[in-house]
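Comments concern the structure below.
As the structure is a computational prediction, the values presented were derived from the model and not from experiment.
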Amino acid sequence: TTLHCAIDGVERLRLTAADRLRPDAAEVVSQLRADGIHVTLLTGDREPVARRIAEQLGGVRLIADVRPEDKDRVIAELQRRGERVAMVGDGINDAPALVRADVGIAVGSGTDVSIASADIVLMTTELLRVRDAAALSRRTLRAIRQNIGLSITYNLIMVPLAMAALITPLVAAISMPLSSLAVIGNSARLRSVFKGRARERAAAQQISRG
């Protein structure tokens, strides 16, 4: 955006203002694309301005000059195509899109309206946490399926044995809490998601410094 200052009808000063990307924006876009996630820049900015930002991000689809209701419409259209949509936003005008998306993600520094409309609220302004949230969601679903499998396997084995009186009540009493501990232990492995991300970031920082 260019601002012109004129004195007595003569232009004396010209100021150019531009949005700056967050330091980790390009990195998180690259990582999300590496994970097989398609990234779209959905913005109300004018197309020339938005195009320059999209070029800095690299490899993103651009939809510019959209009003708040248009953001909602774009996400609804993607959902009609069978796509699952996660929307990241921090402004008041992002609220309808955050509600419409399959998963609405609000940045911690965002407005109260965007935070109230989102399913996930990032407690920091680091966009890299978006990828962490996606990884944690996938790992959580995997753990749920594994836990269901463990429970079904336990019942398929132990219930027939107990009905056939092939195990003693003591063995049944011991095996029951053991199966619960197995489920709890498998769920506790979710913490490894954050440990792995921390190691990745530490290694990336060492490479950038070295």
- Distance-minimising heavy-atom pair for A50 and L41: O-CD2, 3.9 Å
- Item | Pair R84 + D102, salt bridge at N-O below 4.0 Å | no
- Taking all atoms of both residues into account, what is the closest heavy-atom pair of S114 and L98, and its distance? O-CD1, 3.5 Å
- Query: Do other residues, nucleotides or ligands put more than 12 heavy atoms under 6.0 Å from the CD1 atom of I92?
  - Reply: no
- For V49 and R52, what are the C-alpha separation, side-chain angles and deciding distance, and is it a side chain to side chain contact (heavy atoms under 4.5 Å, CB included)? CA-CA 5 Å; V49 176; R52 285 195 294 271; 3.7 Å; yes
- Would you check if there is a donor-acceptor pair between the side chains of E27 and Q31 at a distance under 3.5 Å? yes
- Message: Closer than 4.0 angstrom, basic N to acidic O: yes or no for R73 and E77?
- Response: no
- Task: State plainly whether one hydrophobic cluster holds both I148 and V183, where clusters connect Ile, Leu, Val, Met, Phe, Trp and Tyr through side-chain heavy atoms under 4.5 angstrom apart.
- Result: no
- Query: If you look at every heavy atom in L57 and A25, which pair is closest and at what distance?
  - Reply: CD2-CB, 3.8 Å
- Query: For T40, which of I75, I63, V74 qualifies under side-chain contact (heavy atoms from CB on, under 4.5 Å)?
  - Reply: I63
- Query: Does any N or O in the side chain of D94 come within less than 3.5 Å of the main-chain N or O of G91, such that one atom is a donor and the other an acceptor?
  - Reply: yes
- Message: Please check: side-chain N/O of D70 versus main-chain N/O of R67, any donor-acceptor pairing under 3.5 Å?
- Response: yes
- Got a second to check how far R14's CZ is from C5's SG, nearest 0.5 Å? 12.0 Å
- Determine, using the 4.5 Å side-chain heavy-atom cutoff (strictly less than), whether V171 and L150 are members of one ILVMFWY cluster. no
- Query: Take atom CZ in R46; do more than 12 heavy atoms of anything else shown fall under 6.0 Å from it?
  - Reply: no
- Here the gap from S151 atom OG to Q146 atom CD, rounded to the nearest 0.5 Å, amounts to 12.0 Å
- Message: Return the OG to CD1 distance between S187 and I144, rounded to the nearest 0.5 Å.
- Response: 8.5 Å
- Message: Rounded to the nearest 0.5 Å, what separates atom CE in M87 from atom NZ in K71?
- Response: 5.0 Å
- Hydrophobic cluster identity match, V107 and V103, side-chain contacts under 4.5 Å: yes
- Taking all atoms of both residues into account, what is the closest heavy-atom pair of V85 and L78, and its distance? CG2-CB, 3.8 Å
- Item | Spacing of CD1 belonging to I157 relative to CG belonging to N155, to within rounding of 0.5 Å | 10.0 Å
- Query: Does any N or O in the side chain of R33 come within less than 3.5 Å of the main-chain N or O of G59, such that one atom is a donor and the other an acceptor?
  - Reply: yes
- Sub-4.5 Å side-chain heavy-atom contact between D35 and R131: yes
- Task: Show your reasoning for whether side chain to side chain contact (heavy atoms under 4.5 Å, CB included) applies to D119 and I105.
- Result: CA-CA 6 Å; D119 302 297; I105 304 175; over 6 Å; no
- Message: For a 4.5 angstrom cut-off between non-hydrogen side-chain atoms, does T2 reach L15?
- Response: no
- Item | Which atom of V29 lies closest to which atom of G58, heavy atoms considered | CG1-O, 3.6 Å
- Q79 side chain reached by R100 side chain, heavy atoms, under 4.5 Å: yes
- Would you check if the side chain of N147 reaches a backbone N or O of A143 as a donor-acceptor pair within less than 3.5 Å? yes
- Task: Identify which one of T125, D132, L127 satisfies the side-chain contact (heavy atoms from CB on, under 4.5 Å) criterion when paired with R129.
- Result: D132
- Message: I'd like to know if D90 pairs up with R22 as an ion pair, taking the criterion as any Lys NZ or Arg NE/NH1/NH2 lying under 4.0 Å from an Asp or Glu carboxylate oxygen.
- Response: yes
- When rounded to the nearest 0.5 angstrom, what is the spacing between CG in L161 and OG1 in T168? 11.0 Å
- Single-linkage hydrophobic cluster, 4.5 Å side-chain cutoff, V88 and V39 together: yes
- Query: Do V159 and I152 sit in the same hydrophobic cluster, where Ile, Leu, Val, Met, Phe, Trp and Tyr count as joined when their side-chain heavy atoms come under 4.5 Å apart?
  - Reply: no
